[in-house]
Amino acid sequence: MKWKKGLTGMLLAAFLCGGPGLGVAPPAYAATGEYKFDFGGGTVEAGYTGVSASLSYDKSRGYGFRTPENMRNVSASGTGVASDAVQFMATGTKSKNTFDVDLPPGLYEVSVTLGNTSRSSIAAEGVYQVINMTGNGAKDRFQIPVTDGQLNLLATEGKEGAAFTLSALEVRQLSSSPVTNRTIYIGGDSTVCNYYPLDSSVQAGWGQLLPAFVNTKTFQIRNMASGGQIARGFHQDGQLEAIVRYIKPGDYFILQLGINDTNPKHNESKAEFKDWMRDMIRQVKAKGATVVLSAPQGRATDFNANNVHNAENRWYRSAILALAQEEQTPLVDLNVLSSAYFTSIGKEATLALYMNGDTLHPNFAGARELARLVAQDLKRQGLNGF
């Protein structure tokens, strides 16, 4: 659907949201160039446009649900805009059950607030934008270029059987040019991915903490890692597709897999692991971006009798090192770097960087240390922006 000259339609549009005690909604588009939507059937927060699940897209209004019959209003346990939500009953990155907003072509920052859900992902323009947002009222944001005059967005699968809900959406234009800022994309598993709230989660992945060690005036970070992921899954499940859609010269793709790939239940041999990884490397390189491979850190308990931490034989590390050489990609050997750091601080301090009773997954402090090691090594290698 093409954008018409008519932000006038949005400025003048008003409608009844369908909740008890509600009146006419404020305009969706403010003079600042920001759109703010409060979803659900409850009270609409000041400064937001209320959107009930039954609101169908209308060209003159410029926003609404494409298939409102597949939406429903639900309550939520948060406050303000997070006190209610809409639930998407038809999902999938290619689903037509989207919330559509007419926008002039350009680059936008999109902020989302979920309702009550154990795990949901956000898709827009037919690909994932945010992977596996966890917990009620989770918040995140991303940049997206709009070239066809309309943003099409939905909440979709993060975990089978979960409710896919959205409480609020804010869209702010950053530029009239539909090109993302320089971006660091990250692929990986549960030791790398985001946990919510992003700034205070108990468990964390190092990709979540990497922005603290990167020049964010130069780069945005897009962490597409997800728990339990293997190379075949990252390649086939839509995460690589989203990266290849947007990645461009000057961007980076840091890829760390191998932990789950070695689990016999996935039936992925070292040779198959290398093949899936190699194809991902080549697809991203074909877009003119730089791929960086990372070898996963070991377990907290990988200390020998001499109190030296060593995990060099874990997680298909040899295949990762071989790939880096064969495909001429930079390598962050986080396995060796983390072992050296763990040895320097000792067993007890190392255990304190992991989740209680868990020797594999870092806590927030541990993820921060791993992110620091990754960024320091990238800087040592002379990669621009670190």
Side-chain angles (χ1 to χ4, degrees), residues 10 13-55 63-65 68 71-89 91 98-99 101 108-124 129-142 151 153-159 161-172 193-204 208-209 211 223 363-364:
M10 296 185 72
F15 61 93
L16 294 178
C17 298
L22 300 181
V24 176
Y29 180 72
T32 58
E34 188 172 20
Y35 306 70
K36 301 174 72 174
F37 299 100
D38 180 354
F39 295 103
T43 302
V44 178
E45 289 298 300
Y48 285 78
T49 294
V51 180
S52 173
S54 61
L55 185 75
Y63 57 90
F65 292 105
M71 302 298 304
R72 71 175 184 181
N73 292 325
V74 293
S75 60
S77 57
T79 60
V81 294
S83 64
D84 58 354
V86 289
Q87 182 175 351
F88 291 80
M89 307 304 293
T91 62
T98 54
F99 180 70
V101 187
Y108 291 84
E109 179 181 81
V110 176
S111 300
V112 293
T113 302
L114 300 187
N116 287 6
T117 180
S118 57
R119 188 182 302 171
S120 292
S121 297
I122 297 295
Q129 300 294 334
V130 184
I131 294 290
N132 289 0
M133 296 174 68
T134 50
N136 298 340
K139 298 179 181 181
D140 210 335
R141 60 185 180 180
F142 58 91
L151 174 69
L153 179 143
L154 78 159
T156 186
E157 286 84 351
K159 180 180 181 181
F164 311 123
T165 61
L166 186 63
S167 281
L169 173 68
E170 299 182 16
V171 184
R172 180 170 64 94
C193 69
N194 289 345
Y195 297 83
Y196 295 80
L198 291 171
D199 59 353
S200 61
S201 61
V202 176
Q203 185 173 346
Q208 175 181 340
L209 278 297
N223 190 0
N363 57 27
F364 195 92

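Positions are given from 1 along the sequence.
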Give, for atom [atom1] of [X] and atom [atom2] of [Y], the distance between the pair rounded to the nearest 0.5 Å.
X: Ser111; Y: Glu34; atom1: OG; atom2: CD; answer: 8.0 Å
X: Thr49; Y: Leu55; atom1: OG1; atom2: CG; answer: 10.0 Å
X: Phe142; Y: Leu153; atom1: CZ; atom2: CG; answer: 5.5 Å
X: Arg141; Y: Thr113; atom1: CZ; atom2: OG1; answer: 12.0 Å
X: Lys36; Y: Glu170; atom1: NZ; atom2: CD; answer: 5.0 Å
X: Asp140; Y: Asn194; atom1: CG; atom2: CG; answer: 6.0 Å

Taking all non-hydrogen atoms of both residues into account, name the closest pair between [X] and [Y] and its distance.
X: Leu114; Y: Thr165; answer: CD2-O, 3.3 Å
X: Asn132; Y: Tyr196; answer: O-CE1, 3.7 Å
X: Gly80; Y: Ser83; answer: O-OG, 2.8 Å
X: Gly115; Y: Ser167; answer: CA-OG, 3.3 Å
X: Phe164; Y: Arg119; answer: CE2-O, 3.8 Å
X: Phe364; Y: Asp199; answer: CZ-O, 3.6 Å

Check: [X] side chain, [Y] main-chain N or O, donor-acceptor pair, under 3.5 Å:
X: Gln208; Y: Tyr195; value: yes
X: Asp38; Y: Tyr48; value: no
X: Ser201; Y: Leu198; value: no
X: Thr156; Y: Ser121; value: no
X: Ser52; Y: Gly41; value: no
X: Asn116; Y: Ser77; value: yes
X: Ser75; Y: Asp84; value: no
X: Gln129; Y: Ala124; value: yes
X: Ser120; Y: Ala163; value: yes

Ring centroid separation Tyr63 to Tyr35 under 6.0 Å: no

Aromatic ring pairing Phe99/Phe39, orientation class (parallel under 30°, perpendicular over 60°, tilted between): perpendicular

